[in-house]
Amino acid sequence: MTTAAQVLSQFQAVGVETCFHDRHITPQIYADLNGSNWSIKDYEARGGYQALRTILGKDGGEGLSQDQVVATVKESGLRGRGGAGFPTGLKWSFMPRQFPGQKYLVCNSDEGEPGTCKDRDILMYNPHIVIEGMIIAAYAMGITVGYNYIHGEIFQVYERFEAALEEARAAGYLGDNILGSSFSFQLHAHHGFGAYICGEETALLESLEGKKGQPRFKPPFPASFGLYGKPTTINNTETFAAVPWIIRNGGPAYLACGKPNNGGTKIFSVSGDVERPGNYEIPLGTPFAKLLELAGGVRKGRQLKAVIPGGSSSPVLPASIIMECTMDYDSIAKAGSMLGSGAVIVMDDSRCMVESLKRLSYFYMHESCGQCTPCREGTGWLWRLVDRIHRGEGRPADMDLLDNVASNIMGRTICALGDAAAMPVRAMLKHYRPEFAAMIGKPNPQAATSA
Ligand SMILES: Cc1cc2nc3c(=O)[nH]c(=O)nc-3n(C[C@H](O)[C@H](O)[C@H](O)COP(=O)(O)O)c2cc1C
Ligand code: SF4
């Protein structure tokens with residue numbers, strides 16, 4: 001019988017060292033956290049809410065205009081940490097500030113990408129950094145109402161965020177006339193129910209409106225038609241968490257932490273076959289080899305076989321390629337994959353790639369929202385084909401068929417979940433086709449018919 005702990009362990013990385021260690025490099029978001037210093041007093045002692053005081057002119061200075069805040073974020077080279085790496089300052093400049101009606105700011109804390117567990121640590125152990133980042137973003141875009149949509153299976157994180165919101169309201173950082181200024185911003189928390197698709201920004205908006213969480217056609221994009229049809233800006237938790245440091249230290253200082261076009265630090269959730277899985281905050285542009293070393297190297301001294309560098313939807317990279325990469329958007333893209341959400345899944349030489357792909361394909365089949373045929377039907381076909389090969393009942397033509405089904409999903413769906421399901425398949429075939437071929441026609445008694 002499955003125990004409660006086993007069920008929970010599917011959702012929470014039980015026993016995994018998270019962010020409390022000294023193996024970050026120049027951390028900005030996880031700096032000086034110990035698990036108990038999450039409250040507003042601790043955050044203020046770390047310099048928290050100073051950036052907000054600065055922009056509102058409450059630290060003796062003149063304050064910053066909306067344009068100056070947006071320009072600083074542009075200068076910083078901050079790119080969205082939710083997956084696509086879109087430049088944040090540019091996104092903020094799309095908000096029609098003069099729009100006469102309500103405008104909304106939304107934080108995407110849905111964090112459902114397999115392998116990713118960074119946002120929950122930010123919200124649990126440093127929630128005020130997200131609140132301050134959101135207030136600054138709201139000020140910059142002239143927004144008065146915001147929501148943080150938090151993954152439903154980490155309810156304690158939602159409760160922690162609610163507690164932090166209460167503290168911020170009581171201290172005058174949230175609500176009407178913040179710190180005595182003319183700027184007002186109301187921020188609310190909302191928890192989802194664990195559907196991966198609700199992390200896709202338009203599905204998230206639908207869910208926030210109380211509807212079924214299914215993606216919308218784009219365009220129109222949320223900047224013009226977002227929550228309740230009003231202009232909306234959505235950013236990831238880590239993206240907002242980066243903002244206070246940028247305002248305090250300036251755009252160029254943030255850019256200098258990383259490399260050109262890839263400003264600042266990034267949190268990588270390292271999991272799989274390493275000695276010390278956990279969250280590591282390091283400058284963008286750090287060599288992958290260094291990150292692997294921080295995570296204790298490959299478990300039990302085995303050889304590195306492959307790495308999924310940016311969450312389960314990013315194409316797998318063999319050891320020989322990833323060991324030459326630096327961890328930033330441009331280097332990983334050049335190598336043929338994506339930095340994505342920064343979930344680094346390490347596989348040693350004992351891993352069967354067919355079995356790994358079978359597990360991934362099952363996930364995407366399960367999480368497809370079913371709106372469009374190539375994704376709804378195609379993800380099922382992908383899983384059944386990989387399962388068939390894994391059981392030794394595949395046919396020689398199955399590998400081409402698999403590639404063909406994956407190619408026909410890509411670019412033909414409403415949202416990027418279709419691509420996310422297809423890309424791992426194509427990359428596995430590209431790099432590990434002989435492993436698939438070796439399983440054709442060889443009965444595999446260990447392969448269960450489920451995922
Ligand atoms: C299927 C799917 C799931 C996604 N899940 C998340 C998620 O859990 N968290 C997140 O921030 N972005 C997720 N995204 C990306 C969002 O749609 C959006 O691009 C992001 O929140 C924008 O924030 P950023 O610019 O700060 O990265 C997902 C996208 C897709 C297609
Ligand atoms: S691609 Fe998949 S998840 Fe996205 S809208 Fe279509 S069916 Fe839904």
Side-chain angles (χ1 to χ4, degrees), residues 73 78-95 105-120 122-123 130 133-134 137 147-154 192 194-208 212-218 221-223 226 232-243 264 266-267 269 310-314 329 338-343 363-380 382 408-424:
V73 174
L78 173 65
R79 294 171 64 167
R81 306 302 196 215
F86 192 81
T88 306
L90 186 61
K91 184 185 269 192
W92 290 11
S93 68
F94 293 156
M95 169 56 75
L105 185 69
V106 175
C107 178
N108 189 341
S109 297
D110 196 53
E111 195 166 62
E113 180 82 2
T116 319
C117 53
K118 63 187 177 69
D119 295 341
R120 59 165 207 177
I122 303 175
L123 294 169
V130 180
M134 288 191 75
Y147 295 91
N148 187 6
Y149 188 100
I150 300 173
H151 194 88
E153 287 152 341
I154 45 173
Y196 171 64
I197 194 57
C198 287
E200 195 281 339
E201 57 188 16
T202 57
L204 186 154
L205 295 177
E206 288 283 297
S207 172
L208 204 48
K212 207 194 280 185
Q214 288 187 317
R216 299 173 182 167
F217 280 99
K218 286 189 276 189
F221 291 95
T232 301
T233 298
I234 309 180
N235 278 120
N236 170 256
T237 318
E238 187 186 349
T239 312
F240 284 122
V243 171
K266 169 87 191 82
I267 302 169
S269 303
S312 63
S313 54
S314 63
Y329 296 94
M338 299 179 330
L339 199 72
S341 60
F363 173 79
Y364 288 106
M365 174 181 73
H366 187 263
E367 297 296 330
S368 167
C369 85
Q371 269 193 110
C372 30
T373 311
C375 173
R376 183 186 61 244
E377 303 301 326
T379 51
L382 291 178
N408 276 301
I409 296 174
M410 287 193 67
R412 293 190 167 89
T413 54
I414 296 173
C415 87
L417 189 142
D419 288 5
M423 284 185 299

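Order of appearance sets the numbers: ligands from 1, and atoms from 1 within every ligand.
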Peer 1: Looking at Gln371, which atoms of ligand 2 are within less than 4.0 Å of one of its heavy atoms?
Peer 2: 5 (S), 7 (S), 8 (Fe)

Peer 1: For Thr88 and Val243, run side-chain contact (heavy atoms from CB on, under 4.5 Å): C-alpha distance rounded to whole Å, both residues' side-chain angles, the deciding distance at 0.1 Å, then the answer.
Peer 2: CA-CA 10 Å; Thr88 306; Val243 171; 5.6 Å; no

Peer 1: In the protein, what heavy atom is nearest to atom 8 (O) of ligand 1, and what distance, to one decimal place, separates them?
Peer 2: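 The closest one turns out to be Glu111 N, 3.0 Å.
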
Peer 1: So does Lys212 have more than 12 non-hydrogen atoms from other groups sitting under 6.0 Å from NZ?
Peer 2: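 No - once you tally the heavy atoms of other residues, nucleotides and ligands closer than 6.0 Å, there are 12 at most.
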
Peer 1: Around atom 29 (C) of ligand 1, find the nearest protein heavy atom and jot down its residue, atom name and distance.
Peer 2: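 Answer, as residue, atom name and distance: Glu200 CA, 3.8 Å.
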
Peer 1: For atom 4 (Fe) of ligand 2, what's the nearest protein heavy atom and its distance?
Peer 2: Cys415 SG, 2.4 Å

Peer 1: Could you tell me, atom by atom, which parts of ligand 1 come under 4.0 Å of a heavy atom of Ile234?
Peer 2: 22 (C), 23 (O)

Peer 1: Please classify the Ile197 to ligand 2 contact at 4.0 Å (heavy-atom distances, strictly less than): side chain, backbone, both or neither.
Peer 2: side chain

Peer 1: Tell me: protein heavy atom nearest atom 6 (Fe) of ligand 2, and distance?
Peer 2: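 Here the nearest protein heavy atom works out to Cys372 SG, 2.0 Å.
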
Peer 1: Flag the pair Lys266 / Tyr329 as yes when at least one side-chain heavy-atom distance between them is below 4.5 Å, and no otherwise.
Peer 2: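 Sidechains of Tyr329 and Lys266: in contact.
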
Peer 1: Mark up the atoms of ligand 1 that fall under 4.0 Å of a heavy atom belonging to Asp110, in ascending order.
Peer 2: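 That gives atoms 8 (O) of ligand 1.
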
Peer 1: Check whether the side chains of Ser109 and Asn148 place a donor and an acceptor atom closer than 3.5 Å, and report yes or no.
Peer 2: yes

Peer 1: What residue and atom, counting heavy atoms only, is the protein's closest point to atom 13 (C) of ligand 1, and at what distance?
Peer 2: Gly199 O, 3.2 Å

Peer 1: Looking only at protein heavy atoms, identify the closest one to atom 8 (Fe) of ligand 2 and say how far it is in Å.
Peer 2: Cys369 SG, 2.3 Å

Peer 1: Ligand 1 and Asn236, any nitrogen or oxygen pair closer than 3.5 angstrom?
Peer 2: yes

Peer 1: For residues Thr202 and Glu200, is any side-chain donor paired with an opposing acceptor at under 3.5 Å?
Peer 2: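 Side-chain D/A pair, Thr202 to Glu200: present.
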
Peer 1: Of all the atoms in Cys375, is at least one N, O or S atom closer to atom 2 (Fe) of ligand 2 than 2.8 Å?
Peer 2: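 It does: Cys375 brings an N, O or S atom closer than 2.8 Å to atom 2 (Fe) of ligand 2.
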
Peer 1: Gly418 heavy atoms, cut-off 4.0 Å: which ligand 2 atoms fall inside?
Peer 2: 1 (S)

Peer 1: Can you list the atoms of ligand 2 that are under 4.0 Å from a heavy atom of Ser368?
Peer 2: 2 (Fe), 7 (S)

Peer 1: Tell me if the centroids of the rings in Phe94 and Phe221 come within less than 6.0 Å of each other.
Peer 2: no

Peer 1: Where does Asn108 meet ligand 1, judged by heavy-atom distances below 4.0 Å: at the side chain, the backbone, both, or neither?
Peer 2: both

Peer 1: Under 4.0 Å from any heavy atom of Glu201, which atoms of ligand 1 are there?
Peer 2: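 Selected atoms, number and element: 16 (C), 17 (O), 18 (C), 19 (O).
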
Peer 1: For atom 1 (S) of ligand 2, what is the closest protein heavy atom, and at what distance to 0.1 Å?
Peer 2: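 Here the nearest protein heavy atom works out to Thr413 CB, 3.4 Å.
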
Peer 1: List ligand 2 atoms under 4.0 Å from Leu417, heavy atoms only on the residue side.
Peer 2: 3 (S)

Peer 1: Give the atoms of ligand 2, by number and element, whose distance to some non-hydrogen atom of Ile414 is under 4.0 Å.
Peer 2: 5 (S)

Peer 1: Between Tyr196 and ligand 1, is there a nitrogen or oxygen pair with a distance under 3.5 Å?
Peer 2: no

Peer 1: Counting from 1, what ligand 1 atoms have a heavy atom of Asn235 closer than 4.0 Å?
Peer 2: 23 (O), 24 (P), 25 (O), 26 (O)

Peer 1: May I ask you to identify the nearest protein heavy atom to atom 22 (C) of ligand 1, giving residue, atom name and distance to one decimal place in Å?
Peer 2: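 The protein heavy atom lying closest is Lys91 NZ, 3.4 Å.
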
Peer 1: Which atoms from ligand 2 have a heavy atom of Pro215 less than 4.0 Å away?
Peer 2: 5 (S)

Peer 1: With heavy-atom distances below 4.0 Å as the criterion, list the atoms of ligand 1 near Gly112.
Peer 2: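 Contacts of ligand 1 toward Gly112, numbered from 1: 8 (O).
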
Peer 1: Which bit of Arg81 is near ligand 1, meaning a heavy atom under 4.0 Å away: side chain, backbone, both or neither?
Peer 2: backbone

Peer 1: Please list the nearest protein heavy atom to atom 27 (O) of ligand 1 with its residue and the distance rounded to 0.1 Å.
Peer 2: Gly82 N, 2.8 Å

